[in-house]
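Notes for the one structure printed next.
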Amino acid sequence: MTNEGVLMSEVQVHDTAGHSSSEPLRVALLGCGTVGSQVARMILTRGDDIIARVGRPLEIAGISVAHVDRPRQGLDSRLFTTDSAALVSRPDVDIVVELMGGIDPARELILTALRSGKSVVTANKALLAAHGEELNAAAEHNGVDLYYEAAVAGAIPIVRPLRESLVGDQVRQVMGIVNGTTNYVLDQMTTTGMDFEQAVAQAQQKGYAEADPTADVEGYDAAAKAALLASLAFHTRMRGDQVYREGITHITPDDIASAKDLDCVIKLLAVCEGGPEGIVARVHPALLPLSHPLASVSGAYNAVFVEAQEAGRLMFLGPGAGGAPTASAVLGDVVTVARNAVRGVAGPPQAVFDEFDILDTDDIQTRFHIRIQVRDEPGVLASVAEIFARHDVSMQTVRQTADDETAKDSSAILTVLTHQARQADLSACVSELGESPFVHSQPKVIRVEGMS
């Protein structure tokens with residue numbers, strides 16, 4: 001062996017920050033629930049794989065929880081603390097993983113970590129939708145990473161493709177099923193004939209829905225995710241409160257049956273669209289033709305459909321929730337920011353170079369499916385058509401069926417499928433219909449997507 005070889009064999013390898021390759025990167029976990037415990041388990045059991053991918057080992061520095069005395073199998077009780085602020089401020093912590101949820105104190109803890117030079121991984125879509133601009137600015141100013149792949153669709157890789165892979169393209173639309181609870185509920189209503197309450201109860205029994213499912217079934221969860229998707233897709237800033245939101249609590253078996261008659265299914269969709277006049281993000285139930293790729297997404301799965309000018313149509317499908325799938329996305333981000341830390345760099349920040357106007361909800365244009373209970377007598381259809389024409393809402397098809405829900409022999413159901421129409425025009429049309437003497441009840445409106 002040459003002298004040079006001896007010298008090389010005795011030199012300890014260091015990364016670009018001057019640390020030994022055997023010195024661990026230390027991770028602080030905020031929260032140890034379903035996802036947090038899975039992340040901790042993966043860090044502890046995949047040491048060799050992580051070293052191979054990162055170049056240095058990962059070590060859990062501490063875990064912040066609400067109750068330290070709760071038993072947590074496989075985790076050293078000495079790791080736990082209730083002092084989250086002290087944990088993120090520790091100088092020996094390199095990466096902070098926030099999985100506690102909510103706005104406060106998560107916002108201040110993340111800001112503290114970023115300002116002290118620590119990269120952050122989070123799955124907190126509500127916080128990002130409300131304060132994403134502030135958090136991204138803090139990360140960029142301090143030269144560290146803020147990654148949140150798990151915040152939008154669980155294990156599905158959609159944030160990174162929009163943030164990096166498609167950054168050179170022009171995204172026209174992002175449309176997706178981004179809430180597994182509502183997809184499961186609507187799927188059960190479609191395939192088994194359950195009503196809404198029965199489907200929610202089953203989702204709760206299977207662990208797909210919380211004891212209080214409001215955030216899911218009223219569309220709040222999906223709206224936060226839509227704000228993140230729109231911000232990434234159009235390189236701008238959108239908050240969750242700027243997303244039009246409508247839940248699925250009003251969907252009935254009759255709506256499901258009416259959709260089937262049109263060879264459609266009903267899905268809760270997050271739709272983000274951009275154009276020269278501005279951008280819009282909306283969350284609402286919609287009829288989708290069975291031929292659309294999103295129509296076949298069943299159970300608690302999520303899927304995101306992206307249309308870009310050059311790349312064309314892309315679809316991302318996978319589990320949208322659950323401990324292991326979400327933890328996989330979180331750990332993927334942890335590995336990425338750890339690699340960057342070893343190299344002494346930060347990943348590309350979220351690109352914000354366009355300031356689009358947020359379109360007013362009244363100006364949103366889409367197609368509509370409307371069910372109207374009317375008196376079954378001559379002249380009613382003509383009167384309905386006059387009201388639609390008066391409000392510039394064009395009817396593509398009209399179908400009349402007997403009303404099986406009532407004992408009234410003089411009652412019928414009109415099902416109208418419109419052409420593209422402004423939300424404001426449609427709302428005015430429906431309002432007048434509801435006040436008409438020949439209409440028995442307020443018309444039922446559901447939007448239509450993906451139909452030529």
Side-chain angles (χ1 to χ4, degrees), residues 24-44 50 58-132 134-136 138-139 142 144-152 154 159 210 215 221 224 228 321-338 340-341 346:
L25 289 164
R26 294 172 60 78
V27 179
L29 289 176
L30 305 182
C32 194
T34 301
V35 177
S37 60
Q38 291 279 12
V39 172
R41 175 187 62 80
M42 293 166 72
I43 291 175
L44 292 172
I50 290 172
L58 295 182
E59 181 179 289
I60 298 177
I63 304 174
S64 173
V65 293
H67 305 285
V68 295
D69 54 350
R70 184 175 298 170
R72 296 171 174 89
Q73 188 175 3
L75 296 175
D76 189 338
S77 61
R78 291 172 296 181
L79 290 172
F80 294 99
T81 178
T82 58
D83 195 341
S84 302
L87 179 59
V88 300
S89 300
R90 279 170 47 178
D92 63 331
V93 168
D94 302 292
I95 299 168
V96 173
V97 179
E98 185 275 310
L99 298 170
M100 61 198 308
I103 303 297
D104 295 310
R107 171 179 166 270
E108 193 56 43
L109 292 170
I110 289 177
L111 285 172
T112 297
L114 295 172
R115 289 166 180 165
S116 61
K118 299 171 175 62
S119 290
V120 173
V121 174
T122 180
N124 195 332
K125 63 263 184 181
L127 175 61
L128 291 164
H131 299 285
E134 177 186 29
L135 298 177
N136 279 292
N142 291 282
V144 292
D145 288 321
L146 174 65
Y147 276 56
Y148 48 90
E149 186 64 70
V152 175
V159 171
E210 301 289 342
D221 176 83
L228 298 180
T326 306
S328 172
V330 170
L331 190 62
D333 279 348
V334 171
V335 168
T336 298
V337 301
N340 291 341

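- Shortest non-hydrogen contact noted between Ala106 and Gly101 is CB-O, 4.1 Å.
- Distance alone, capped at 3.5 Å, is enough to place a donor-acceptor pair between the Asn124 side chain and the Gly102 backbone.
- Across all non-hydrogen atoms, the minimal contact from Ala66 to Thr82 is O-CG2, 3.8 Å.
- Across all their heavy atoms, Ile60 and Leu79 have their closest contact at O-CD2, 3.5 Å.
- Residues passing the side chain to side chain contact (heavy atoms under 4.5 Å, CB included) test with Asp69, sequence neighbours excluded: His67.
- Considering CD1 of Ile95 and CD of Glu59, their distance stands at 12.0 Å, rounded to 0.5 Å.
- Between Leu30 and Leu109 the shortest side-chain heavy-atom distance falls below 4.5 Å.
- For the residue pair Val144 and Ser119, the shortest heavy atom distance occurs at CB-OG, 3.7 Å.
- Environment of CD in Glu134: crowded, with over 12 heavy atoms of neighbouring residues, nucleotides or ligands closer than 6.0 Å.
- Residues Ala113 and Val120 share a closest heavy-atom pair of CB-CG2, 3.8 Å.
- Remark: Leu75 engages Cys32, Ala40, Leu44, Ile63, Arg72, Phe80 in a side chain to side chain contact (heavy atoms under 4.5 Å, CB included) (not counting sequence neighbours).
- Note: Leu135 CG to Leu146 CG = 6.0 Å, rounded to the nearest 0.5 Å.
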Exercise. Evaluate the side-chain contact (heavy atoms from CB on, under 4.5 Å) criterion for residues Tyr148 and Val159: first the C-alpha distance (whole Å), next the side-chain angles of each, then the deciding distance (0.1 Å), finally the verdict.
Key: CA-CA 7 Å; Tyr148 48 90; Val159 171; 3.9 Å; yes
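- Separation of atoms NZ (Lys118) and CG (Asp145) is listed at 14.5 Å; rounding is to 0.5 Å.
- Residue pairs meeting the side-chain hydrogen bond (donor to acceptor under 3.5 Å, both in side chains) criterion with at least one member in residues 29-39, sequence neighbours excluded, are Gln38-Arg41.
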Exercise. Please test Leu99 against Thr122 for side-chain contact (heavy atoms from CB on, under 4.5 Å), starting from the C-alpha separation and ending with a verdict.
Key: CA-CA 6 Å; Leu99 298 170; Thr122 180; 6.0 Å; no
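- Summarising the geometry, atom CD belonging to Glu149 is positioned 13.0 Å from atom CG belonging to Leu331; distances are rounded to the nearest 0.5 Å.
- To the nearest 0.5 angstrom, Leu111 atom CG is 9.5 Å from Asn142 atom CG.
- Across all non-hydrogen atoms, the minimal contact from Leu228 to Ala129 is CD2-N, 3.9 Å.
- Looking at Asp94, Val93, Ile50 one by one, the single match for side-chain contact (heavy atoms from CB on, under 4.5 Å) with Leu25 turns out to be Asp94.
- Leu127 CG to Ile103 CD1: the interatomic distance, rounded to the nearest 0.5 Å, is 5.0 Å.
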